[in-house]
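Hydrogens, waters and symmetry mates play no part in the numbers below; they use all other heavy atoms, side chains included. Quick note on labels: first sequence line is chain A, next is B, and so on, each numbered from 1.
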Amino acid sequence: MFEELSLKLEKALKKVSGQGKLTEKNISDTVREIRRILLDADVNYKVAKDFIDKVQEKALGTEVIASISPGQLITKIIYDELTELLGGDRKEIKLNASGLTTILVVGLQGSGKTTFCGKLAKRLKESKLKVMLAAADVYRPAAVEQLKTLGAQIEVPVYSIDVPDAKRTAKEALAEANAAGCNVLIVDTAGRLHVDEEMMNEAAAIRDIINPDESLFVVDSMTGQDAVNSAKAFNEKINYDGIVLTKLDGDARGGAALSIRAVVGKPIKFISSGEKLSALEPFYPDRLASRILGKGDIISFVEKAQESFDENEAAKLEEKFKKNKFDFEDFLKQIKMIKKMGSLSSLLGMIPGIGNQIKNADIDDKALVKVEAIINSMTQEERQKPKILNGSRRMRIARGSGSSIQEVNRLIKQFGDMQSLMKKMNQRGFANNFLNKIK
Amino acid sequence: MGIFDNFNFSKLKEGLTKTRTKIVNTINEAVTGKAVIDDKTLDEIEEILITSDIGYDTAVQIIENVRGRMKSEKDRTDLNVIETVKKELTGILDIESNFNSEQEIKTHKPYIILVVGINGVGKTTTIGKLAHNYKKAGLKVIVGAADTFRAAANEQLEIWSKRAGVEIIQKGHGADPSSVAFETVQHAIKHQYDVVLIDTAGRLHNKGHLMEELNKIKRVLSKNLPYAPNETLLVLDGNTGQNAILQAEEFSKVTDITGLVVTKLDGTAKGGVVFQIVNKQKVPIKYIGVGEGIEDLQTFDSKLFVSAIFE
């Protein structure tokens, strides 16, 4: 009772002091700090400014929820916006159902194009596609040899000619790939500065020759403020389809990715980190967002904010656990809470020491969506009393949630197992112990 | 309104505000010891500094210093403010060094230069250009291909050594890099070479085992010749942002960096992150790379570097 009273008092105080809603005044310190964080992460000066202005404008007037400060709330809003912006229209590369798919790879010197070509070729080959690489970097000494060596390692043929003519290489490689019945041709090009008119024209000419289904701009994640200039210039000339972010195995915060996303609006398609040819990863916008904001205080700050949203909810759940009254209704709430914190895989990835180990384990975030859909298709009564779920009810739920009857059965069974496990734990007093430990 | 009709209130207000601002500014300057400069000018300078990768804190610090310097200046025009910023920046880069390469080369034979840096910054290209310059100066030069990791790194250095007309020592892909360094130095001692350039594999500075390997190369060198290496050059990509600071810190932990090379400055990137590095590590920038041609390595000039930021 006292708790409730103090909560009410707190709320009233917040209103008086103008802390009940986000205002320019009560978030100005946080906004300044976040601007500094973004700039330190190499987010472009103008992009950082626009981004924060936009978020701030959007956030003003938002109600502050119990037990979090305006600063925490704005931080969380910025984190969410950042994730959204980075991954907004995430797409895989498009592969033609039949015939040859051509992929063009461009970028500045030393950004990691050739290594990326090797990795992409390996990945496509592993999905049973017939792949060919073309070595159209005819300028850098031994670039052709580098691609050939990589090609030999992954047993993918590399097309090259003895004369330093990139356009001819591309043209002949295209004919060769078609003749050999390849599924994919990946064309590696020379690194070039965006201000080098002649070289930029060459890149455009190569594009016109192979008419790529997918063109990718490779960018070093350590790039600083100038990233926007090169990304823009390449986009004007090539109009690429996506971005490849490299060398994220270093400790760069990768703010350049945000700058490029904001300026050219093209999606990030791959993360290429490490020189080992297997190190090609799909892109997780939430991970990059937390990386840009910094793994330290600011993220725990955000997490704390997220946690505190549902502290009351969690307490209720704990009680239900103890009394063994945990039903599908509670399960659904729990899923929603987890989802709020981000994807399962990214959550696990954040745990120090575990992150790397689970990187390759397949964690299916979609499974959670499925479970949610199934529970959503249950009636309230069914959720509270799973025992009444007979065959016809299960059929209806399967149809309603777009899943198979087996999937529904499996979930109900798993849930039953979980309940009986809880029962046992409660009997032995485990639950209390356990809950106390994790508090 | 009668008699006030001809009276322009806004004009008066403007005049009063100006006077008030002036008084407030004077008091402000007296109290803080810093010149009050137009916000717009300061914002523009901040933008120029930050977009050249100088870093937020350094930019703020520089502006504060400039305001301190400007206090005694009568001339508060934008032009003079910028001149003062330039002076401040040049001051950071012009660090005193009693290390003189030309002098050292005369007294150490062979003279050993180790070139380090992360992947893709332009180490091998820099070595090619350096070899060319030393050769042109009439010295007998040899390069050691101790990047035995990256595919075709050997071949790349070989082409550069041919261009420069210098000799190369190399072993197969995957060989122990320190053994390549060892052999190169042995060969140089035996055949009276003046300058030895050792290329190393690009390594991300947060990879402990690779940094340890670098340490081993260094140990092997000094076992051969107690004074070796004479120079350790850290190559930085001019496009790199704030991460270059961490690179410099980590490489300094395993090697004694004697100089920096900033590459790829022929684009639009300014390489401003080096201000923090020079300031923290107290190592000078020795060369800048401005292209892929063999002549495209320049001796560093702080004034030119700083004025490029304001272009």
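Judged by distance alone, the side chain of Ser111(A) and the main-chain N or O of Asp220(A) form no donor-acceptor pair under 3.5 Å.
For a residue to count as touching a neighbouring chain, one of its non-hydrogen atoms must lie under 4.5 Å from one of that chain's; by this rule Asp40(A) touches chain B with backbone and side chain alike. Asn206(B) touches chain A through its side chain: at least one heavy atom from C-beta onward sits under 4.5 Å away, while N, CA, C and O do not. Heavy-atom distances place no part of Leu147(A) under 4.5 Å from chain B, backbone and side chain included. Proximity to chain B (any heavy atom under 4.5 Å) is shown, for Asp196(A), by neither the backbone nor the side chain. Interface residue Ile118(B): only side-chain heavy atoms are found under 4.5 Å from chain A. Of the atoms belonging to Lys46(A), it is side-chain heavy atoms, and not backbone ones, that fall under 4.5 Å from chain B. Residue Glu47(B) touches chain A through both its backbone and its side chain, counting heavy-atom pairs closer than 4.5 Å. Proximity to chain A (any heavy atom under 4.5 Å) is shown, for Ile50(B), by both the backbone and the side chain.
Other residues, nucleotides and ligands contribute at most 12 non-hydrogen atoms within 6.0 Å of the CD atom of Glu155(A). Remark: Lys207(B) NZ is packed, more than 12 non-hydrogen atoms of other residues, nucleotides or ligands lying under 6.0 Å away.
With chain A as the partner, the residue from Val60(B), Thr125(B), Leu204(B) showing the most heavy-atom pairs under 4.5 Å is Leu204(B). Ranking Leu39(A), Asp249(A), Thr114(A) against chain B, the residue ahead of the rest is Asp249(A), based on heavy-atom pairs under 4.5 Å. The candidate from Gln153(A), Lys148(A), Arg35(A) with the greatest count of non-hydrogen atom pairs under 4.5 Å with chain B is Arg35(A). Heavy-atom pairs under 4.5 Å with chain B peak, among Asn229(A), Leu193(A), Val195(A), at Leu193(A). Interface check for chain A: of the options Thr240(B), Thr268(B), Asn119(B), the most heavy-atom pairs under 4.5 Å are formed by Thr268(B).
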key: side chain to side chain donor-acceptor pair (under 3.5 Å) between Gln242(B) and Tyr56(B), worked out   = CA-CA 10 Å; Gln242(B) 302 306 300; Tyr56(B) 180 80; over 6 Å; no
request  = Would you check, one step at a time, whether the test side chain to side chain donor-acceptor pair (under 3.5 Å) holds for Glu158(B) with Asn154(B)?
outcome  = CA-CA 6 Å; Glu158(B) 199 179 341; Asn154(B) 267 1; over 6 Å; no
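In this structure, Glu250(B) pairs ionically with Lys253(B), as a charged nitrogen and a carboxylate oxygen lie closer than 4.0 Å. A salt bridge is absent between Lys123(B) and Asp147(B): the closest approach of a Lys/Arg side-chain nitrogen to an acidic carboxylate oxygen does not fall below 4.0 angstrom.
For the pair Lys266(A) and Tyr240(A), the cation-pi test (distance below 6.0 Å, angle within 45°) is passed.
Separating the CE atom in Met211(B) from the CZ atom in Phe251(B) is a distance of 4.5 Å, to the nearest 0.5 Å.
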